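Notes for the one structure printed next.
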2 protein chains.
Amino acid sequence: MAVDECYYREILTSKGIKGTRQRIDVMAVLFSSAVPLTADDIYIHIRDGGGEKLSLSTVYRILDTLGQKEIVAKTGLIEGGKALYEIVSGVHRHNLICIKCHKLIPLGDCPLGDFEKNLEDTTGFRISGHKFEIYGVCPDCRQIKQ
Amino acid sequence: MAVDECYYREILTSKGIKGTRQRIDVMAVLFSSAVPLTADDIYIHIRDGGGEKLSLSTVYRILDTLGQKEIVAKTGLIEGGKALYEIVSGVHRHNLICIKCHKLIPLGDCPLGDFEKNLEDTTGFRISGHKFEIYGVCPDCRQIKQ
DNA sequence: GTGGTTGCAAAAGCTTTGCAATTGT
DNA sequence: ACAATTGCAAAGCTTTTGCAACCAC
């Protein structure tokens with residue numbers, strides 16, 4: 001995917017940082033994921049996928065750097081004790097998470113626009129964003145019924 | 001507050017676990033807090049407050065035990081790398097969090113009941129709960145304007 | 001008295017950091 | 001060429017765990 005690669009490199013250089021192989025790989029994984037990922041998820045994905053050389057500490061450093069450039073955001077949520085990261089994008093996504101099989105289903109719309117607007121008026125906060133995850137049991141796991 | 005103490009002890013024994021000094025202290029701190037707390041918050045509060053003897057690992061163990069008894073819940077959110085815990089209550093609470101000073105303002109209502117009901121119908125999930133936190137800049141920090 | 005709990009210290013994660021080697025511009 | 005970035009290993013966190021001492025029932 002040379003096209004994507006150029007795109008990611010362009011984003012990086014436009015923010016004044018180098019377009020390294022490792023940064024591009026991390027961005028590619030995050031951009032192609034519908035759900036937030038842990039640093040370890042990203043590390044495993046790149047190591048087992050492309051076969052590129054990469055260390056876990058580099059992933060952490062890249063996530064931190066991309067966070068400062070507002071390309072990536074730490075979600076503030078944890079999964080199994082690990083922090084979750086996602087691409088910052090105009091599109092607003094939330095997930096439906098199965099508490100049995102841990103499947104994540106991305107939801108299309110965000111129903112919270114009006115609520116936030118109302119909140120700005122009543123509290124004086126300038127609202128910059130929110131985290132919203134819904135938990136339940138997915139249809140498959142309901143059938144298994146254990 | 002002997003009254004509260006009896007109340008907490010009663011909750012514990014009704015769940016089949018012992019009403020120890022440490023458990024009662026932890027419950028007292030959590031019940032009196034409007035916002036979720038870290039294990040360390042609770043530890044410091046008890047150690048510096050009542051002067052009772054307590055170790056941090058005990059706080060973690062108590063939070064785990066109370067979690068299994070569904071008296072307390074790990075929120076799934078992190079604050080400065082530490083997990084947050086809160087009392088499980090029928091009342092549904094969410095927080096407005098200032099990204100500058102990290103103040104947490106509890107919000108009264110949960111606007112998500114209808115949304116969840118709708119989601120159950122369209123996805124087949126049985127929804128059991130959700131996490132919802134809103135981020136922004138509080139009025140104080142907007143004035144400082146840095 | 002007895003089993004459940006605690007304290008302490010050590011271990012086990014996740015994440016960060018120092019430093020020499022490497023790489024992108 | 002040079003500064004930025006990476007890899008490795010070690011350190012720094014929070015959280016968990018083993019075990020002897022202790023305490024609520």
Side-chain angles (χ1 to χ4, degrees), chain A residues 2 5-6 8-27 36-44 46-47 50-69 71-85, chain B residues 2 5-6 8-27 29 36-47 50-69 71-85:
Chain A
E5 201 172 299
C6 291
Y8 301 141
R9 176 171 284 118
E10 199 175 299
I11 293 179
L12 292 168
T13 52
S14 77
K15 298 270 183 179
I17 57 178
K18 288 184 183 172
T20 64
R21 162 96 269 119
Q22 292 88 337
R23 283 177 179 160
I24 289 167
D25 285 348
V26 168
M27 287 182 74
L37 300 173
T38 66
D40 200 56
D41 290 337
I42 297 166
Y43 171 65
I44 297 289
I46 295 171
R47 196 195 51 184
E52 289 296 336
K53 200 172 153 198
L54 177 82
S55 90
L56 181 56
S57 60
T58 298
V59 175
Y60 277 107
R61 261 189 293 227
I62 289 175
L63 290 170
D64 187 60
T65 304
L66 299 189
Q68 289 175 38
K69 299 298 179 183
I71 298 169
V72 161
K74 206 172 190 172
T75 64
L77 295 164
I78 39 181
E79 181 180 89
K82 294 178 234 176
L84 289 165
Y85 298 82
Chain B
E5 201 172 301
C6 291
Y8 301 140
R9 178 171 282 118
E10 200 175 298
I11 292 178
L12 293 167
T13 53
S14 78
K15 298 271 184 178
I17 57 178
K18 288 183 183 173
T20 64
R21 163 98 266 117
Q22 291 89 336
R23 284 178 179 161
I24 289 166
D25 285 347
V26 168
M27 287 182 73
V29 173
L37 300 173
T38 67
D40 200 56
D41 289 338
I42 297 167
Y43 171 65
I44 298 291
H45 198 283
I46 294 171
R47 196 196 53 185
E52 290 293 337
K53 199 173 154 199
L54 177 82
S55 90
L56 180 56
S57 58
T58 298
V59 175
Y60 277 106
R61 260 189 293 229
I62 289 175
L63 290 170
D64 186 60
T65 305
L66 298 189
Q68 289 175 39
K69 299 298 178 183
I71 299 168
V72 160
K74 206 172 189 170
T75 62
L77 296 163
I78 40 182
E79 181 180 270
K82 295 179 231 175
L84 289 165
Y85 298 83

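Numbered from 1 within each chain, the chains take letters A, B, ... in sequence-line order. Given the structure is predicted, the values throughout are model-derived calculations rather than measurements.
- Between the side chain of A:T38 and the base of C:dC14 there is no donor-acceptor pair of N/O atoms closer than 3.5 Å.
- When the P atom of C:dC8 is taken as reference, atom CZ of B:R47 falls 12 Å away, rounded to whole Å.
- The separation between B:D40 atom CG and D:dG12 atom P is 18 Å, rounded to whole Å.
- If you take CD1 of B:I78 and C1' of D:dT14, they are 11 Å apart, rounded to a whole angstrom.
- Residue A:L66 contributes atom CG, which lies 13 Å from atom C1' of D:dT5 at whole-angstrom precision.
- Applying the 4.0 Å criterion to OP1 and OP2 of C:dT5, one finds that B:R23 has a side-chain N or O inside that range.
- For B:R61 against C:dG4, a side-chain-to-base donor-acceptor contact under 3.5 Å is absent.
- Protein atom CG of A:D64 is 19 Å distant from nucleotide atom P of C:dC14, rounded to whole Å.
- How far CG of B:D64 is from OH of B:Y85: 7.5 Å, rounded to the nearest 0.5 Å.
- When each of C:dA9, C:dC14, D:dG7 is scored by its nearest atom to the side-chain atoms of B:S57, the top-ranked nucleotide is C:dA9.
- Put simply, A:S55 has no side-chain N or O that comes within less than 4.0 Å of OP1 or OP2 on D:dC8.
- In this structure, CD1 of B:I42 is placed 14 Å from C1' of D:dT14, rounded to the nearest angstrom.
- The shortest heavy-atom contact between B:A39 and B:L56 is O-CD1, 4.0 Å.
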Nucleotide N/O of nucleotides 22-25 of chain C paired with protein N/O under 3.5 Å:
from   : atom 1 : to    : atom 2 : distance (Å)
C:dG24 : N3     : A:K18 : NZ     : 3.4
C:dT25 : OP1    : A:G19 : N      : 3.3

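- Protein atom CD1 of B:I24 is 15 Å distant from nucleotide atom P of D:dC23, rounded to whole Å.
- A:L84 places none of its side-chain heavy atoms less than 4.5 Å from the side chain of A:K74.
- In this structure, A:K15 does not pair ionically with A:E10, as no charged nitrogen and carboxylate oxygen lie closer than 4.0 Å.
- Which of D:dT14, D:dG7, C:dG7 sits closest to the side chain of A:Q22 comes down to D:dG7.
- Contacts of A:T20 classified as side chain to side chain contact (heavy atoms under 4.5 Å, CB included), with partners at least two apart in sequence or in another chain: A:K18, A:Q22, A:R23.
- Atom CD1 of B:I11 and atom SG of B:C6 lie 11.5 Å apart (nearest 0.5 Å).
- Atom-to-atom distance recorded for B:I71:CD1 and B:T65:OG1 is 9.0 Å, nearest 0.5 angstrom.
- Rounded to whole angstrom, the span from the CG atom of B:L56 across to the C1' atom of C:dT6 amounts to 13 Å.
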